[in-house]
Amino acid sequence: MAYGGGGGGGGGSGGRAIRVLNVAEKPSVAKAVSGFLSKNQQGGLRVRDGRSRYNRIFEFNHTINGQPCHMSFTSVTGHLMELDFDDRFRRWHSCDPVDLYHASVRKFVPEDKSDIRRTLEEEARKCQWLILWLDCDREGENIAFEVIEVCTQANRNLNIWRARFSALIEREIQNSLQNLVRPNQLFADAVDLRQEIDLRIGASFTRFQTMFLRDAFMINLATDDRNLVISYGPCQFPTLGFVVERYWENQSHEAEEFWTINCTHNTDEGTANFKWMRGHFFDYTCAAIVYEMCIQEPTVTVTEIKEQEKLKYPPLPLSTLELEKRASRFFHMSPAHTMKVAEDLYQAGFISYPRTETDRFSEKTDLRAIVFEQQGHPLWGSYAQLLLNPEAGLWRNPSSGRRDDKAHPPIHPTRFSPGESGWSRDHHRLYELVVRHFLACVSQPAKAAETSVEIDIAGETFSSSGRVIHAKNYLDVYTFESWGGSMIPTYTLGQQFMPTTLTLDSGVTRPPPLLSEADLLTCMDKALGQMQRCMSTYRSCLIDIMQ
DNA sequence: GCAAGGTC
């Protein structure tokens, strides 16, 4: 890769330090990265204030691929720019809501971000290079181009680079600085498009339905001090749809009585509960007739015995969606809170970047090194040691999911911690989940022997099964999941006995439960997958047509 | 007065 060259005497300036402006997405990242990069550098780390009181500027010396650099490191706070309609469309009655689909829009730096803009302009004028340290997701790429726009307006000759990193740990940061790439315009464009669609649909529908419903229900603004805006956004509606759909199913459910036949058998080895293979009948008379036949001739004959080894596999490597679902299931943490806590852990360097779709590890990842780090933990350290011991036979290369966002690895621990004093209970729990999940991924599945027995009573079939766990394996460390064992007595084929009980039982159908947050995430993910498949079909159709 | 995405 050819560094320098392009802008205002980069690498070619004969050993003289070039001035580099570095920009992160948030102040904490600017501080953390500056901390790593200024280590062991002459002059250490200096800090000064910029125009914005939250976004300070860190300064230090560094060398990029042999080129001495003077680094200034500042930050933005998320998006620098906003998208909105031109002023003449801003008032609600200025146009028909449908006109908002072609009204002109503009992207600009809002008033409360103008101090950050000034800092960027002033610093950009002094620099030859610009390195973008924004989060490595689509929004980050879009913010990168917002920063580029502001900076290049102040200095046309900037040589612009993108640092890519998935964890706020020193090794990763040093590595990304020595392997700079160019920013990706296509990712940024995708976000611009999403912003425009959200704005046009949201504003036009919200104005339309608010005004329409006000008139329809004759709500008088003068006497009603509620600020009634009935908002519509492309993001809310699928979510609301799933929630409401399930609610309606739940409400319209009519409980229905059903009947089933159960059989139990006690021996000195234990009890077997046999379930009727027909499930249940909604018609009492039918069930009663069959039951009557069984009672007349209640002798049981064992007709089939199946024994097989059953495996329960560890989960796939951890993506954001799974992290949210599991934190919701295991700890009742809301997805929003989970992501806040995960972000804290990421910023302190304990886990990798928590926003990832990837559920497969790259072959280059040194999985054993990650396990190695965890050996000293009081709770799971001994399990980590066992994993690394080849004689234990516990290790297994992790399964690979089908998703790869090509930007970040699955969420995994990046730094050992026995727990930090500043952590809340949820920080502890989430770190524990990430570590235990990772250790589970590289472990053997749990193994059990399952026996299923089928019996015949008067021509009706019943079945029961028992399970004996032979090796818990990953379940020893993944304590959030369990796999119950159950014993049933030993039977032989053709054996005959009398049932201990043979009963006709009734039950009532239950409505489907309201959607949990974890269920909702699953619905959204499924719908996203369907949409992506549609899009890809559509895309190949277009390509066909064009050829 | 409107969206959704960043972040303080």
Side-chain angles (χ1 to χ4, degrees), chain A residues 23-32 49-56 74-101 103 105-110 112-113 115-117 119 132-147 150 187-215 219 221-222 224-240 320 335-336 339-344 346-347 353-355 524:
Chain A
V23 184
E25 189 159 320
K26 37 192 171 272
S28 58
V29 172
K31 187 179 179 186
D49 284 329
R51 297 279 174 183
S52 152
R53 49 193 279 240
Y54 301 112
N55 308 82
R56 299 199 296 172
T74 188
S75 53
V76 288
T77 43
H79 276 287
L80 187 56
M81 297 183 167
E82 265 175 26
L83 185 74
D84 211 340
F85 297 108
D86 275 347
D87 284 338
R88 61 199 161 104
F89 299 105
R90 299 275 278 273
R91 279 175 304 104
W92 274 43
H93 291 279
S94 62
C95 65
D96 192 305
V98 78
D99 295 336
L100 295 176
Y101 285 95
V105 290
R106 61 196 178 89
K107 212 175 175 187
F108 59 98
V109 179
D112 63 336
K113 297 281 173 80
D115 46 1
I116 299 178
R117 172 195 203 133
T119 303
L132 301 149
W133 293 85
L134 294 128
D135 289 0
C136 292
D137 51 23
R138 281 188 178 187
E139 293 300 327
E141 210 65 19
N142 187 269
I143 300 170
F145 278 86
E146 295 173 355
V147 171
V150 166
F187 283 167
D189 287 351
V191 171
D192 277 336
L193 188 63
R194 196 219 75 236
Q195 287 178 341
E196 193 174 328
I197 291 170
D198 286 343
L199 176 67
R200 291 188 190 279
I201 297 178
S204 65
F205 266 83
T206 301
R207 285 185 196 183
F208 170 74
Q209 75 177 4
T210 300
M211 295 190 286
F212 179 80
L213 292 171
R214 255 183 214 166
D215 293 345
I219 295 163
L221 267 188
D224 196 326
D225 58 356
R226 286 173 301 176
N227 188 12
L228 273 185
V229 170
I230 303 154
S231 122
Y232 178 109
C235 218
Q236 316 165 16
F237 258 60
T239 317
L240 188 58
T320 303
M339 291 317 289
K340 171 79 187 72
V341 175
E343 176 76 20
D344 289 345
Y346 160 69
Q347 288 202 16
Y353 192 63
R355 283 186 283 270
M524 293 295 280

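As the structure is a prediction and not an experimental result, all values here were calculated from the model.
Listed candidates were B:dA3, B:dG1, B:dT7. Nearest to the side chain of A:D198 is B:dA3. With distances taken from any side-chain atom of A:V229 to the nucleotides B:dG6, B:dG1, B:dA3, the minimum falls on B:dG1. In the set B:dG5, B:dT7, B:dC2, B:dG5 carries the atom at the smallest distance from any side-chain atom of A:E139. Here the nucleotide nearest the side chain of A:P27, chosen from B:dG6, B:dT7, B:dC2, is B:dT7. Here the side chain of A:L199 is nearest to one of B:dA3, B:dC2, B:dT7, namely B:dA3. The listed nucleotides are B:dC2, B:dG5, B:dC8; the one nearest the side chain of A:H79 is B:dG5. Candidate nucleotides B:dT7, B:dC8, B:dC2 were compared by shortest atom distance to the side chain of A:K113, and B:dC8 ranks first. Closest to the side chain of A:T206, out of B:dA3, B:dG5, B:dT7, is B:dA3.
Within a heavy-atom distance below 4.0 Å of DNA chain B, the residues of residues 86-94 of chain A found are A:R90, A:W92, A:H93.
Taking the side chain to side chain donor-acceptor pair (under 3.5 Å) definition, one finds that A:T210 meets it with nothing, sequence neighbours left out. In terms of the side chain to side chain donor-acceptor pair (under 3.5 Å) criterion, A:D96 has no residue partners (sequence neighbours excluded).
Using a 4.0 Å heavy-atom distance criterion, A:T77 is classed as a base contact. Backbone-only engagement by A:Y232 is indicated by non-hydrogen atom pairs under 4.0 Å involving sugar-phosphate atoms exclusively.
A heavy-atom distance below 4.5 Å is found between the side chains of A:E139 and A:R194.
Here A:S231 reaches the OP1 or OP2 of B:dA3: one of its side-chain N or O atoms lies under 4.0 Å away.
Aromatic stacking of A:Y54 on B:dC8: satisfied, with centres closer than 5.5 Å and planes within an angle under 30 degrees.
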